[in-house]
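Below you'll find the structure, written out as structure tokens, and then a few comments.
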Amino acid sequence: MTENIIEVRDLVKHYPVTRGVVFKKTIGHVKAVDGVSFELKAGETLGVVGESGCGKSTLARVLMNLEKPTAGQVLYKGQDISKLSGGALRRLRRQIQLVMQDPYTSLNPRMTVGDLIGEPFEIHPEVAPKRSRRDKVKELLDLVGLNPEHINRYPHQFSGGQRQRIGIARALALRPEVIVCDEPVSALDVSIQAQVMNLLEKLQAEFGLSYVFIAHDLSVVRHLSDRVAVMYLGKMVEVGTEDEIYERPTHPYTQALLSAVPVPDPTVRESKAIIRLQGDVPSPVSPPSGCRFRTRCWKAQDVCAQEVPLLQIRRGSDHPSACHFAEKREIVATHEAA
Ligand SMILES: Nc1ncnc2c1ncn2[C@@H]1O[C@H](COP(=O)(O)OP(=O)(O)OP(=O)(O)O)[C@@H](O)[C@H]1O
Ligand SMILES: [Mg+2]
């Protein structure tokens, strides 16, 4: 069995909602991540997909130990990361790196590319002694497909795709084991997206990296992911391999997301029911009781308001789904179906 590099257990992250300027009073909580469990194996890519506000970036920040969980644990090689300090915490900071969505805002415009990519060495000098740093940075530039001669240029002198490559070089500098990619291609043109995805794939093969790859859209993560987890309003609703999620989805939300993915083949397109979800995502401050998706679900029954459906393998299926009525066959929406 492959080793679990990260294990997430019943992770909860709530943010207080306050009122008042001087005497802040907590009037509720944003339930950004609300009971999420999964594992990431060495060398694996886990895609995490869901609509805006479902808690993807919050999950990323807690995984990176940038924020403490409200409850639950993140284990890195069996160790609870919130309990690490001193040398162990420094090592963790090296081993897990983040690539962020927006290369325009995540790079300091006043630093040269050389300084930006070399900055991690200032914090972890043991990785590269001062005299070898410039060469290391040039190596990294080459590795991500940028010209090492451009080491003295500034971020604004690069295109969006190139800036994302700078972000990736920076994340790679300390030779991490895990990279959390938080929508790394969402801000890029479609043609550039594929190039950056290919680069991430190449680097994974070369360095045996594990990825948590966050995206809005199921089509983005399909090619790269070994497994995909679908999130809705702070919870994971379905987890599975490519075939399980894309060919045999059982959760109505996954089915709805998939039906929105453009299908190039016209015969498939015609036979595919389009499921249009009603209404908006409810507020994470007061999510619906029971199943959070029930207010937009065409299969919802009384039990869905009363019982929280656990993420578990359902009868007749082969992978976990958090739906009381998980079904293998393609569901045609009873309302607004085209
Ligand atoms: N620091 C914070 N304080 C209060 N609420 C927060 C904070 N960070 C995030 N939230 C809230 O938590 C919820 C989840 O936010 P998060 O950024 O994790 O979503 P996301 O899935 O990454 O969305 P997007 O796709 O837009 O990036 C949202 O309702 C958001 O407003
Ligand atoms: Mg986000």
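Each residue takes its place number in the sequence, starting with 1. One-based numbering, in listed order, for ligands and for the atoms of each.
- For atom 23 (O) of ligand 1, the closest non-hydrogen atom on the protein side is Gly53 N, 2.7 Å.
- Residue-ligand proximity: Arg61 is placed with a non-hydrogen atom under 4.0 Å from ligand 1.
- The nearest non-hydrogen atom to atom 16 (P) of ligand 1, considering only Thr58, Val33, Val281, comes from Thr58.
- Here the heavy atom of the protein found nearest to atom 25 (O) of ligand 1 is Lys56 NZ, 2.8 Å.
- In summary, Arg227 and Glu244 do not engage in a salt bridge, as defined by a charged side-chain N under 4.0 Å from a carboxylate O.
- In this structure, atom 30 (C) of ligand 1 has its sub-4.0 angstrom surroundings free of protein heavy atoms.
- By the criterion of a heavy-atom distance under 4.0 Å, the side chain of His216, and not its backbone, is placed next to ligand 1.
- Remark: ligand 1 atoms within the under-4.0 Å shell around heavy atoms of Glu183 are 25 (O), 27 (O).
- At least one heavy atom of Pro284 sits closer than 4.0 Å to an atom of ligand 1.
- Looking at Val30 against ligand 1, only its side chain comes within 4.0 Å, counting heavy atoms.
- Cation-pi geometry between Arg110 and Tyr154 is not met: the NZ or CZ atom fails to fall both under 6.0 Å from the ring centre and inside 45° of the normal.
- Checking side-chain atoms of Gln79 against main-chain N and O of Leu84 turns up no donor-acceptor pair under 3.5 Å.
- Contact annotation: Ser52 places no N, O or S atom under 2.8 Å from the Mg ion (ligand 2).
- The closest approach between Gln101 and ligand 1 stays at or above 4.0 Å for every heavy atom of the residue.
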